Amino acid sequence: MNTLDALRGTTPPRPHDARAIAALAANPGCARRALLDGAGIDKDAVARHLGFPAPFGQSPFAITRGNLFESLVKADGCAELLRMLRELLGLPVAEVAYHDVENVGAHLRHTHTRALIDRAAREGQDAGTLYDHPLLSLEIAGHTAYLEPDVVAFQLGGRFHIVEIKSFAVVDGQADPAAVAAAARQAAVYVLALRALLEELGHDPLKVSHEVVLVCPENFANRPVASLVDVRRQLAVLRRQLARMTTLDRLLAGLPDDVTFDLRPGEDGRPTRPVAELSDALRGATARYAPDCLSTCDMCFFCRDEARQEGSSDLLGRQVRDELGGVASVAEALGLADGERDPAEGQEEIARLLRNAERLRRECLT
Amino acid sequence: MSDRLDELERRIDELRAGVRRAMRARDGARARELRAELRTAERSWDALVSGEQPPPALEPPRLVTVREQVHQGLRLLGAAAQPRLIVAVSDAFFGGTIRSAQLTSLRRDEERSFRSAPHGRPYYLSAALTDRLSPARGLLTLSTWPLERRVVGPLSPRVDFLTCAIAVASQEGADGRADRLLIRMARNIPGATGGALGPPDPGRVIEAARAELRVHRERDTRDRAELARRAAAQLGDVARLFGAATLSTIAKETTMKGTINGVKAE
């Protein structure tokens with residue numbers, strides 16, 4: 001852990017939130033991100049200092065819309081949510097008890113959540129059905145991250161369900177797959193945190209269902225509709241990724257001994273580290289850039305710039321990169337295609353495909 | 001004509017003095033009310049001086065204040081409610097002009113007014129009390145209600161919702177707005193719509209809501225009675241209406257070493 005602290009240097013650690021943890025699972029192969037997150041480094045500050053600030057974060061309109069929709073779902077003692085849970089999970093009519101954890105004040109929310117969940121797990125169905133504004137915690141590489149799921153629902157089967165309220169529309173039973181995947185990853189983080197909490201309290205962690213309730217607006221109206229999403233796969237990725245973060249030794253071993261990503265903040269908190277030095281240090285940790293990074297990672301513009309300079313095939317997206325397996329750069333692929341370059345061992349197959357593609361292209365053009 | 005002008009000038013002076021008094025007493029609601037009247041009087045004065053006859057529409061049938069509109073809405077509902085619902089009810093049945101945003105500072109204004117002159121008004125818009133006797137987030141009640149109706153146990157949000165639905169269904173609505181409100185509420189009560197898409201039958205909604213209420217009533221009444229007893233025993237006048245500050249409640253609980261609803265006080 002000391003090595004990780006040395007990586008961060010004098011800059012204070014930055015707590016993780018659910019989105020950041022979920023983004024980890026989105027690109028598990030990226031060593032740069034794993035190291036930066038493992039050391040709790042403020043990636044946004046690093047990117048800004050390097051001159052590649054990411055226009056990152058949600059748009060204020062999206063946030064307003066999200067909040068509005070959430071308050072609609074939760075209005076009048078979660079009336080809409082109760083209807084959906086009754087339809088979807090067969091929640092009995094008597095199960096309506098509602099606890100707003102936030103009533104205790106911000107500083108006690110986590111302890112109050114623990115007490116309520118503990119009671120629910122011990123006493124069974126009599127303890128309560130809906131817990132609004134709970135605050136969970138998850139240990140990420142030695143740092144505690146606090147997480148706020150939308151609602152935790154507890155129902156007759158004696159299982160907890162995470163409820164995730166999102167404002168993207170489900171039109172005719174179909175939603176944007178990317179948005180659903182992101183929501184599922186985020187919900188998986190909450191499932192993991194709640195399971196950790198139950199385990200800590202001495203209960204069976206499997207009381208938390210791997211099926212999360214996703215609530216979205218239906219069609220073109222604001223009427224909410226709920227569906228069950230299985231997050232087992234996301235849970236597995238996340239667990240593997242979090243385990244890997246605590247055992248970053250292999251990645252650390254690949255770095256030079258004296259490397260640090262420290263920004264060396266001055267008196268006024270502004271970073272004083274020379275930009276060239278920092279970017280050299282960062283290049284020591286290999287990134288696995290993909291265009292999807294633009295929507296999940298603060299470092300995206302830095303990595304994209306790096307990938308462009310190298311002419312890397314990563315720029316073309318994951319699918320192309322996977323098809324070009326073994327061909328690292330765009331120049332190499334072009335060389336193989338027009339035959340200027342002889343395929344190395346193992347590249348014969350892809351070289352043949354590329355040449356065929358080039359021939360077809362020429363035929364089309366002439 | 002000049003008589004009318006003199007009269008208006010006198011009225012304007014009075015209103016200005018009234019606004020100043022209200023500001024000094026930190027009574028925001030009263031000051032806003034007086035300012036609105038002042039503006040109307042000034043507009044009429046302008047119109048008279050420049051020789052225009054004020055169009056009859058300019059003289060609205062005495063403005064009903066935000067406070068009064070909320071009071072009307074709550075009286076109709078008869079249970080603790082969120083601003084959103086109060087606004088919808090006021091809009092559907094009283095031709096209300098309030099918006100949810102206007103209700104955010106209302107409780108604070110009421111508390112300030114109560115502190116400066118306790119029991120000086122016939123009613124106050126007060127808070128609902130949680131199981132920690134702190135104010136519940138985003139719920140309004142009337143000070144004239146018994147404490148049992150103003151506290152919220154775990155089942156109370158649902159019970160209050162059903163009570164409000166019954167109240168809305170029992171009310172004769174003038175136009176489509178009342179129907180729309182009822183549709184929205186009925187959708188979330190099992191058996192209230194009967195699968196029909198049109199406006200639900202109010203009788204049926206009342207029946208369905210009562211059926212669900214019967215399931216929750218007993219436990220909720222018990223919880224509320226217990227909370228009301230504690231609130232009456234532990235809270236002073238101000239805190240009984242506007243809720244105890246969270247930290248002091250916790251301190252009290254720790255000294256009592258009590259367990260509340262089985263949850264240990266942290």
Side-chain angles (χ1 to χ4, degrees), chain A residues 68 70-87 90-120 122-133 154 218 221-226, chain B residues 77 79-85 88 100 128-139 152-162 164-165 184-193 208 211-216 218-220 223 243 245-247 249-250 259-266:
Chain A
L68 212 73
E70 192 178 327
S71 69
L72 182 102
V73 173
K74 290 184 179 178
D76 304 317
C78 291
E80 295 272 359
L81 187 59
L82 280 171
R83 168 180 62 81
M84 290 181 284
L85 291 178
R86 282 170 181 174
E87 286 166 6
L91 188 74
V93 173
E95 291 275 322
V96 295
Y98 168 89
H99 293 269
D100 189 349
V101 183
E102 208 163 25
N103 275 332
V104 298
H107 54 299
L108 284 174
R109 255 169 77 199
H110 183 53
T111 31
H112 195 49
T113 309
R114 276 180 72 110
L116 284 173
I117 300 281
D118 184 34
R119 205 178 101 214
R122 238 180 321 110
E123 289 175 14
Q125 42 175 297
D126 213 26
T129 306
L130 298 171
Y131 300 95
D132 201 353
H133 306 111
F154 179 63
E218 188 178 24
N222 238 358
R223 184 181 168 168
V225 62
Chain B
L77 288 170
Q82 289 179 331
R84 181 195 285 268
L85 182 60
S100 304
L129 304 181
T130 65
D131 58 351
R132 307 189 151 223
L133 305 183
S134 56
R137 286 163 43 88
L139 284 178
V152 280
L155 300 188
S156 308
R158 184 67 187 173
V159 169
D160 286 344
F161 167 70
L162 293 170
C164 291
R184 247 190 2 243
M185 295 185 92
R187 208 164 61 196
N188 297 320
I189 303 169
T193 52
E212 196 185 329
L213 263 182
R214 275 196 289 278
V215 180
H216 310 310
E218 191 195 341
R219 199 178 138 199
D220 186 54
D223 288 347
T246 331
L247 261 178
T249 325
I250 290 150
T259 55
I260 291 145
N261 282 352
V263 181
K264 283 215 173 62
E266 284 89 17

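Lettering of chains follows the sequences in order, A, B, ..., and the numbering in each one begins at 1. All values derive from a computational prediction rather than experimental measurement. As a basis for the values below, the full set of heavy atoms in this structure was taken, side chains included, without hydrogen atoms, waters or symmetry mates.
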Heavy-atom proximity to chain A below 4.5 Å, by part of Arg84(B):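 Side chain of Arg84(B) only, per the 4.5 Å heavy-atom cut-off to chain A.
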For Glu212(B), side chain to side chain contact (heavy atoms under 4.5 Å, CB included) partners two or more places apart: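 For Glu212(B), the residues satisfying side chain to side chain contact (heavy atoms under 4.5 Å, CB included) (neighbours in sequence not counted) are Arg86(A), Val93(A), Val96(A), Arg158(B), Leu162(B), Ile189(B), Pro190(B), His216(B).
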Set of side chain to side chain contact (heavy atoms under 4.5 Å, CB included) partners for Glu87(A), sequence neighbours left out: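 For Glu87(A) the side chain to side chain contact (heavy atoms under 4.5 Å, CB included) partners, ignoring immediate neighbours, are Arg83(A).
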Interatomic distance, Arg223(A) atom CZ to Arg184(B) atom CZ [nearest 0.5 angstrom]: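 It comes to 12.5 Å.
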Straight-line distance of Leu155(B) CG to Glu95(A) CD, nearest 0.5 Å: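 Output value for this atom pair is 9.5 Å.
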Closest non-hydrogen atom pair between Gly77(A) and Pro157(B), with its separation: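 That would be CA-CB, 3.6 Å.
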Between Met185(B), Arg137(B), Gln82(B), the one whose heavy-atom pairs under 4.5 Å with chain A are most numerous: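 Maximum pair count with chain A is reached by Arg137(B).
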Toward chain B, the part of Leu81(A) with a non-hydrogen atom under 4.5 Å: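 For Leu81(A), there is no contact with chain B at all, as no heavy atom is under 4.5 Å.
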Beyond-backbone contact of Leu85(B) with Asp76(A), side-chain heavy atoms, under 4.5 angstrom: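 SC-SC contact between Leu85(B) and Asp76(A) confirmed.
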